[in-house]
J.: 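Got a structure for you, written out below as C-alpha cells; questions coming shortly.
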Amino acid sequence: MSTDVASLIGSLEENIAKVLLGKDEVIRLCVVALLAEGHLLIEDSPGVGKTSLAKAIAQSLNCQFSRLQCTPDMLPSDILGSSIFLPNQGTFEFRKGPIFTNVLLSDEINRTTPRTQSALLEAMMEQQISVDGQTYQLDKPFLVIATQNPFEFEGTYPLPENQLDRFMLCTTVGYPDRNAERQVFNSHRTGEPVDELQAVMTDQQVIGLQQKVREVTVEESVADYILDLVHATRENKELSLGVSTRGALTMYRAAQSLALVEGRNYVIPDDVKRLASPVLAHRVVCRGVIREGQRNRARQILQQIVDTTPVPS
C-alpha cells in the first residue's frame, strides 16, 4: 500500500479519535464501512457517544452533511423531498430532501415508523431514489450513519430484517474506561470537540480509496472461508434466518476494506474472523419470540460458528 493511502487513512482515524476517546476499534470499523461503500448502524444506550461519532466522521470529510432527528411523526417526504405546486407556472417542482447529501446521519432511526424507515432502502442499496415516477441519482460518496436505541427502550420500532441487511456494519460504542472518561471532562471544558474538527479528506479522495478497496486481492481459499461461515449460519439450528447472499458479498467487500485499512493489498482469514460479528450478527435471526437480547445471542452463536469452522492455511 502506498504511503499516501496509509497517511490519508491514518489522518482520518486520528481526527475521529479526538472526539471518541479510547475507542480505536469502533473508529476502525467505521472507516472500514466508509471505504467499502457500505452503511453504518451504531446501536447502544443513550449518552455514550453515538451521535458524536457520526458527526465526527462527517466533520472529517470535506463533503455535504445532513442530519435527521427521527421521530414517530416523521414522513418519507421529510427524508426524500416532495413535489410543490407552483401556481404561477401551473406545474409541480421537486424540492430535494436531506437525503441528497454525501453523509446522512439518521439519529435514533428506530424511533420513526417502518414506513419512514423504508424510505431509505432504495437509496442505501442503489444510491438513487424514486419519487412521483422520477428517478434521481445521489452523489458519491454516499454514506448513511444510523444510530438506534436498544429495543427495550420506550418509543422504539424494531428495524425490519430487510432494513438491517442494508447496513454493512453494526457496532456498539460502549462505556469508556475511567481514564478516557476523565479526558472527556477536559475536552468538553470549553465546548464540543466535534465542532472544532477540521476536514482531513475530500470527497474525491474518499472515492479514490473506495476504488483501492475493490483492487484488494481475495484468494479463493479466503472466499471459500467466507462462504463456509455464511452457509453455517443457514444450517445452524439456533438460527431461524441465516446470512443472505447480499450479506456474503458485504462480508467480502468489508474484508477487502479492512485489509486496506490495515495496510495490506490482500485479505487474510483473520480479517474475516474479526468482521464476523459486526458484519453478520445483525443479519441473522435467533429462534424464539423474545427479541430482547437477540443481538448478544446472535454474536455468541456466530462466535461458535467461527470457532468451529476450519480456517484456510
J.: Can you tell me how far apart OG (Ser82) and NZ (Lys96) are? Round to the nearest 0.5 Å.
T.: 13.5 Å
J.: Taking only residues two or more places apart in sequence, or in another chain, which ones meet Phe142 in a ring-ring contact (aromatic ring centres under 6.0 Å, His included)?
T.: His39
J.: Can you spot which of Val261, Leu34, Leu275, Leu40 makes a side-chain contact (heavy atoms from CB on, under 4.5 Å) with Leu29?
T.: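 The side-chain contact (heavy atoms from CB on, under 4.5 Å) with Leu29 is passed solely by Leu275 among Val261, Leu34, Leu275, Leu40.
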J.: For residues Thr233 and Val243, report the shortest heavy-atom separation together with the two atoms involved.
T.: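 The pair with the smallest heavy-atom distance is OG1-N, 3.0 Å.
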J.: Using only atom types and a distance under 3.5 Å, with no angle test, would you say the side chain of Ser11 pairs donor to acceptor with the backbone of Val200?
T.: no
J.: Output yes when a side-chain donor or acceptor of Ser257 lies under 3.5 Å from a complementary backbone atom of Val32, and no otherwise.
T.: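 Yes.
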J.: Just do the salt bridge (Lys or Arg N to Asp or Glu O under 4.0 Å) check on Arg214 and Glu37 with the steps written out, would you?
T.: CA-CA 10 Å; Arg214 292 178 176 268; Glu37 301 175 65; 3.0 Å; yes
J.: Answer yes or no: are there more than 12 heavy-atom neighbours, outside Gln137 itself, under 6.0 Å from its atom CD?
T.: yes
J.: Keeping the roles fixed (side chain from Ser118, backbone from Arg115), state whether a donor-acceptor pair exists under 3.5 Å.
T.: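 Confirmed, Ser118 side chain pairs with Arg115 backbone.
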J.: With a 4.5 Å cut-off on side-chain heavy-atom distances among I, L, V, M, F, W and Y, is there a chain of contacts connecting Met74 to Val144?
T.: yes
J.: According to a hydrophobic-cluster definition based on side-chain heavy atoms being under 4.5 Å apart (Ile, Leu, Val, Met, Phe, Trp, Tyr only), do Leu164 and Val285 belong together?
T.: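 No, separate clusters.
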J.: Quick check for you: to the nearest 0.5 Å, what is the distance between Ile16 atom CD1 and Lys55 atom NZ?
T.: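 Rounded to the nearest 0.5 Å, the CD1-NZ separation comes to 14.5 Å.
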J.: Which distance, rounded to the nearest 0.5 Å, do you find between the CD of Glu235 and the CD1 of Ile305?
T.: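 Glu235 CD to Ile305 CD1: 9.5 Å, rounded to 0.5 Å.
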J.: Hey, what do you get for CD (Glu43) to CD (Glu108), rounding to the nearest 0.5 Å?
T.: 13.5 Å
J.: Which atom pair, heavy atoms only, marks the closest approach of Asp271 to Ala259?
T.: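 Closest approach of Asp271 to Ala259: OD2-CB, 3.8 Å.
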J.: Between Arg283 (side chain) and Val279 (backbone), is there a donor-acceptor pair under 3.5 Å?
T.: yes
J.: Got a salt bridge between Glu262 and Arg274, using NZ or NE/NH1/NH2 to carboxylate O under 4.0 Å?
T.: yes
J.: Under a single-linkage definition using a 4.5 Å side-chain heavy-atom cutoff for Ile, Leu, Val, Met, Phe, Trp and Tyr, are Leu121 and Leu41 assigned to the same hydrophobic cluster?
T.: no
J.: Would you kindly say whether Asp107 and Thr147 are connected by a side-chain donor-acceptor distance under 3.5 Å?
T.: yes
J.: Verify, without hydrogens or angle tests, whether Asn102 (side chain) and Pro141 (backbone) share a donor-acceptor contact under 3.5 angstrom.
T.: yes
J.: Shortest non-hydrogen contact from Phe100 to Leu80?
T.: CE1-O, 3.5 Å
J.: More than 12 non-hydrogen atoms from neighbouring residues, nucleotides or ligands closer than 6.0 Å to CD on Glu215, yes or no?
T.: yes
J.: Go through the side-chain N and O atoms of Thr202 and Asn62 and say whether any donor and acceptor fall under 3.5 Å apart.
T.: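 Their side chains do not contain a donor-acceptor pair, so the 3.5 Å distance test is not met.
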J.: Parallel, tilted or perpendicular: which fits the ring planes of Phe94 and Tyr136, with parallel below 30° and perpendicular above 60°?
T.: parallel
J.: Can any side-chain N or O of His282 pair as donor or acceptor with the backbone N or O of Glu161 at less than 3.5 Å?
T.: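 Looks like no, no N/O pair under 3.5 Å.
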J.: Assess the residue pair Gln128 and Glu122 against the criterion (side chain to side chain donor-acceptor pair (under 3.5 Å)); give the C-alpha distance rounded to whole Å, side-chain angles, the decisive distance to 0.1 Å, and a yes or no.
T.: CA-CA 6 Å; Gln128 66 180 34; Glu122 183 182 10; 3.1 Å; yes
J.: Does Glu13 pair with Lys18 as a salt bridge, N-O distance under 4.0 Å?
T.: no
J.: Under 3.5 Å, side chain of Thr171 to main-chain N/O of Val26, donor-acceptor pair present?
T.: no
J.: Could you check whether any side-chain N or O of Asn15 sits under 3.5 Å from a backbone N or O of Ser60, counting only pairs where one atom can act as donor and the other as acceptor?
T.: no
J.: Are a donor atom and an acceptor atom from the side chains of Arg182 and Asn179 found within less than 3.5 Å of each other?
T.: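 Checked: Arg182/Asn179 side chains show no N/O donor-acceptor pair below 3.5 Å.
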J.: Between Asp307 and Gln303, do the side chains contain an N or O donor and an N or O acceptor separated by less than 3.5 Å?
T.: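 Their side chains do contain a donor-acceptor pair, which is all the 3.5 Å distance test asks for.
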J.: Measuring from Asn296:CG to Ile301:CD1, what's the distance to the nearest 0.5 Å?
T.: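 So the CG of Asn296 and the CD1 of Ile301 are separated by 11.0 Å.
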J.: Are Val5 and Leu12 connected in the hydrophobic side-chain network, where two residues link if heavy atoms are under 4.5 Å apart?
T.: yes
J.: With a 3.5 Å distance limit and no angle check, can you tell me whether Gln256 reaches the backbone of Val267 through a side-chain donor-acceptor pair?
T.: no
J.: Below 4.0 angstrom, N of the basic side chain to O of the carboxylate: do Arg95 and Glu93 qualify?
T.: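 Glu93 and Arg95: salt-bridged.
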J.: For residues 237-251, which residue pairs pass the side chain to side chain donor-acceptor pair (under 3.5 Å) check, not counting sequence neighbours?
T.: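 Passing the test, one end in residues 237-251: Asp165-Ser244, Asp165-Arg246.
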J.: Applying side chain to side chain contact (heavy atoms under 4.5 Å, CB included), can you list everything that pairs with Asp24, at least two apart in sequence or on another chain?
T.: none
J.: For Leu20 and Ile27, work out which heavy atoms get closest and say how close.
T.: O-CD1, 3.7 Å
J.: Quick one: closest heavy-atom pair of Thr113 and Pro72, and the distance?
T.: CG2-O, 3.6 Å
J.: In terms of hydrophobic clusters joined by side-chain contacts under 4.5 Å, are Leu258 and Val311 together?
T.: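 Yes, it is one cluster - the side chains of Leu258 and Val311 are joined through contacts under 4.5 Å.
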J.: Give a yes or no on whether the backbone of Phe65 and the side-chain of Thr101 come within a donor-acceptor separation of less than 3.5 Å.
T.: yes
J.: Using a 6.0 Å cut-off, check whether atom CZ of Arg234 has over 12 heavy atoms from anything other than its own residue.
T.: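 It does: Arg234 CZ has more than 12 such atoms within range.
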J.: Of Asp78, Ile79, Ile109, which meets side-chain contact (heavy atoms from CB on, under 4.5 Å) against Leu68?
T.: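 Considering Asp78, Ile79, Ile109, a side-chain contact (heavy atoms from CB on, under 4.5 Å) with Leu68 is found only for Ile79.
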J.: Look up atom CG in Leu138 and atom CE in Met124, then write down how far apart they are to the nearest 0.5 Å.
T.: 12.0 Å
J.: Looking at every heavy atom in both Cys70 and Ser106, which two are closest together, and how far apart are they?
T.: SG-OG, 3.2 Å
